[in-house]
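First comes the structure, then the notes that go with it.
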Amino acid sequence: MINLVLFGPPGAGKGTQSEKLIKKYGFVHISTGDLFRWHTKNDTPLGKRVKEIMNSGALVPDEITIAMLKEELDKNPHAKGFLFDGFPRTVPQAEVLDKFMKDNGTAIHFVIALDVNETELRSRIAKRKLESNRADDEEEKLNKRITEYFTKTVHVLPYYEKQNRLNTVNGIGEIETIFGNICKVIDTK
Ligand code: AMP
């Protein structure tokens, strides 16, 4: 069983690469962004709680995010391996994820961080906004999301680096090339 985190700022290509990785390796995909979007779309009590926060581009508080993640893990006791996408985004989330994995006799084996600079990110998200109409891709919200990444989420990287679990892959270029480089990391583990 291999569990990995696909890490990167908004617009880095986590969603695209996740889809390809699931097809190739059969991971159970856990995207906290997708889960939150499902809750808001279906107007669940959790969706009602997080809607405003998400629309502002801010991070949802850890306690809410972690509870939702735990529920999702519990639904998949026989997973061959998990691919976490968009989680963890804070150091407490990373710590709790390690604890959940350990409690289940497993671990986060490694993290793949997609490296994309800010200029490229902004141009990708502007393009995605035209294609998908995601409310949180509007400019003001986008600024907030990028700020959240560079003030909070980026601190997760040294957490994994210190434990030799971090692998950085260039996230700029052809989708297939990036995918190939991610697969190389996975296959050499
Ligand atoms: P994403 O699609 O991963 O960019 O997530 C969309 C939004 O969901 C984010 O801007 C946050 O508001 C919320 N979100 C997703 N994952 C997390 C997380 N791990 N921690 C806090 N908020 C999250």
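Start at 1 and go down the list; that is how both ligands and their atoms are numbered. Because only heavy atoms are used, hydrogens play no part in the values below, and waters and symmetry mates are left out as well, while side chains stay in.
Considering backbone and side-chain atoms together, L59 places no N or O closer than 3.5 Å to any N or O of ligand 1. At under 3.5 Å, not a single nitrogen or oxygen of F87, backbone or side chain, sits near a nitrogen or oxygen of ligand 1.
Annotation for ligand 1: atoms under 4.0 Å from non-hydrogen atoms of G33 are 1 (P), 2 (O), 3 (O), 5 (O), 15 (C), 16 (N). Within ligand 1, the atoms closer than 4.0 Å to a non-hydrogen atom of Q93 are 18 (C), 19 (N), 20 (N), 21 (C), numbered from 1 in the order shown. Residue-ligand proximity, T65 to ligand 1, at heavy-atom distances under 4.0 Å covers atoms 18 (C), 19 (N), 20 (N), 21 (C).
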*Under the side chain to side chain contact (heavy atoms under 4.5 Å, CB included) criterion, do D98 and R165 qualify, and how do the steps go?*
CA-CA 12 Å; D98 278 339; R165 287 189 285 172; 2.9 Å; yes

*Assess whether salt bridge (charged side-chain N to carboxylate O under 4.0 Å, His left out) is satisfied between K70 and D103, documenting all intermediate values.*
CA-CA 12 Å; K70 176 83 170 74; D103 290 348; over 6 Å; no

_Evaluate R145 against E148 for salt bridge (charged side-chain N to carboxylate O under 4.0 Å, His left out), listing each step before the verdict._
CA-CA 5 Å; R145 292 173 70 211; E148 290 285 77; over 6 Å; no

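Under a 4.0 Å N-O distance rule, the pair E95/K99 does not qualify as a salt bridge.
Counting heavy atoms under 4.0 Å from ligand 1, residue A58 touches it through the backbone alone.
Among K152, E148, K14, R89, the residue whose heavy atom sits closest to atom 9 (C) of ligand 1 is R89.
Between V156 and A94, the shortest heavy-atom distance links the atoms CG1-CB, 4.2 Å.
One side chain, D187 or Y25, offers a donor N or O that lies under 3.5 Å from an acceptor on the other.
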